[in-house]
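So you know, we letter chains A, B, ... as the sequences are listed, proteins then strands, and number each from 1.
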Amino acid sequence: MTKNHVPAGNLFEKFLSNNSLFINKNVLQSSYLPNTIPHREEQIRQIRDIIGPALRREKPSNLFIYGQTGTGKTVTLKYTADVLMKFANEKNILIKIVYLNCKMKKVADTEYRLVAQLAREFGKEIPATGLPTDEVYKIFFSVLDREKQTVILILDEIDQLIDKAGEELLYNLTRINEELKHAQVSIIGITNRISFGENMDPRVKSSLSEEEILFPPYNALQLQNILFQRAKNAFKPNVLGEGVIEKCSAYAAKEHGDARRALELLRVSGEIAERKEHSKVAIEDVDEADSKIEKDRVLDIVEVQPKEFQATLYAIIRLAKNKKISAIYTGDVYELYRGICKETNLRPLTQRRVSDIIGELDMQGIINAKVISKGRQGRTREISFSIPPETAEKVEKIIRDSLGI
DNA sequence: CGAGATTCATGTGAAGTATACCTTTAGGCTTAA
DNA sequence: AAGCCTAAAGGTATACTTCACATGAATCTCGTA
């Protein structure tokens with residue numbers, strides 16, 4: 001038996017043998033909470049001063065945080081809140097911090113679901129439907145008020161929720177404290193729309209955003225800094241090729257200084273290099289990672305979408321592939337959509353609904369839909385694709401599988 | 001030729017409906033004293 | 001009589017439909033220069 005002959009049992013050996021480029025890949029995951037947050041010292045200080053009073057059993061001011069995606073809003077807040085929690089635990093002070101992302105479909109995208117989810121965070125079982133919203137509020141208030149505690153609610157991407165659920169939700173949130181006798185609640189809203197709140201009811205606005213903090217985008221140099229620091233813990237020494245971090249930073253800096261994007265680029269680049277069994281991450285891997293990330297993002301969204309959405313998107317893709325058509329309009333999409341429904345035995349939705357679906361697909365960034373007026377030819381949405389054709393091809397395949405075409 | 005009216009194809013808001021699920025309540029049945 | 005189960009009644013949230021009105025620029029109309 002020669003040395004080169006690999007027994008079948010060693011098929012997976014490479015995953016255990018220490019050929020991995022990573023020490024700890026989690027460090028690059030967006031869920032990872034680092035123990036230092038560079039270039040956000042000022043914001044941390046501000047947050048500290050705002051939530052700090054909780055330690056003295058004073059109600060912290062409500063706070064609104066503005067900043068584009070990947071400017072470190074969530075990490076910074078989570079980090080500061082974490083430190084506060086640890087300190088409070090040491091001193092036996094009852095503080096609870098609840099973090100909720102309002103964008104998540106079917107979790108917190110309506111008023112009912114938001115409050116229900118909050119109540120669930122405190123260990124209450126709330127059915128998905130059936131209860132009056134008021135009732136759910138009452139349940140939520142009663143769990144809160146059972147103990148003398150300070151609660152900090154962090155509502156991430158709250159703008160998405162307000163778009164769907166309306167402003168009175170904010171109003172309801174502001175009166176939480178009036179209903180409570182023992183506990184006190186302060187609300188921290190996070191939004192990546194700078195303009196959010198500009199046309200908000202002044203009363204709601206003044207009570208809900210007693211304080212405001214702005215997170216500016218990182219510049220390329222700061223991004224590099226962040227990447228270097230994380231890479232130290234994520235990768236083995238000397239596996240990052242010349243200029244890899246610089247390139248990741250540059251890419252992300254172009255996208256309004258999105259650190260999340262930069263980290264993801266770095267991680268995926270590493271994964272790609274690893275899969276190729278290279279010993280170093282090369283600049284070319286970054287390019288590959290860039291397109292892979294975008295593809296994965298779209299694919300992930302499309303996969304979990306209801307069939308109605310998929311069918312609509314499928315209609316749009318087919319129209320987009322037709323080179324003879326210069327632009328895609330709602331009417332054409334709907335017509336083709338009906339055809340697809342017939343083909344797949346799906347009960348077709350009305351054009352009214354499909355119109356909304358197109359709007360939602362636009363919101364998710366899968367397509368671009370702009371309302372235009374074509375004068376005598378009426379008004380409609382002009383739809384275009386924001387994803388590369390190669391990805392569209394994959395999306396099409398996924399939908400065909402899912403729809404059974 | 002230009003100001004205003006017209007028109008088209010669909011956007012958009014409001015109200016209504018179907019569905020799935022919840023709680024309450026009243027009745028009926030069982031059980032145990 | 002008390003306890004337990006069941007089914008009906010009355011209620012809600014959500015996704016969708018129905019109805020009706022709103023939009024806004026290309027195009028048409030018609031009066032005027």
| Checking salt bridge (Lys or Arg N to Asp or Glu O under 4.0 Å) against A:Glu271, which of A:Lys25, A:Lys292, A:Lys276 comes through? | A:Lys25
| query | Could you give the CD-to-C1' distance, from A:Glu335 to B:dT10, as a whole number of Å? | reply | 14 Å
| Has A:Arg381 got a side-chain N or O lying under 4.0 Å from the OP1 or OP2 atom of B:dG11? | yes
| message | Between A:Lys247 and A:Asp287, does any side-chain N to carboxylate O distance fall below 4.0 Å? | response | yes
| said: Can you measure A:Lys370 atom NZ to B:dG11 atom C1' for me and round it to whole angstrom units? | reply: 16 Å
| query | For residues 87-115 of chain A, which residue pairs qualify under ring-ring contact (aromatic ring centres under 6.0 Å, His included), counting only residues two or more places apart or in two chains? | reply | none
| task | Could you check how far CZ of A:Arg376 sits from C1' of B:dG4, rounded to whole Å? | result | 14 Å
| Proximity to the side chain of A:Thr380 - top-ranked nucleotide from B:dT12, C:dG24, B:dT10 | B:dT10
| task | Round to the nearest Å and state the distance from A:Glu382 atom CD to B:dT10 atom P. | result | 13 Å
| Taking NZ, NE, NH1 and NH2 as the nitrogens, is one of them in A:Lys321 or A:Glu396 under 4.0 Å from a carboxylate oxygen of the other? | yes
| query | Can you check whether A:Tyr66 and A:Phe215 have ring centres sitting under 6.0 Å from each other? | reply | no
| With the sugar-phosphate defined as primed atoms, P, OP1 and OP2, and the base as all remaining atoms, what B/S/- string results for nucleotides 11-18 of chain C, 5' to 3', for protein heavy atoms under 4.0 Å? | BBBSSSSB
| To the nearest Å, how far apart are A:Arg379 CZ and C:dA25 P? | 9 Å
| request: Determine yes or no for a side-chain-to-main-chain donor-acceptor pair under 3.5 angstrom, with A:Ser209 supplying the side chain and A:Ser206 the backbone. | output: no
| field | Gap between atoms CD and P, on A:Gln377 and B:dG11 respectively (whole Å) | value | 15 Å
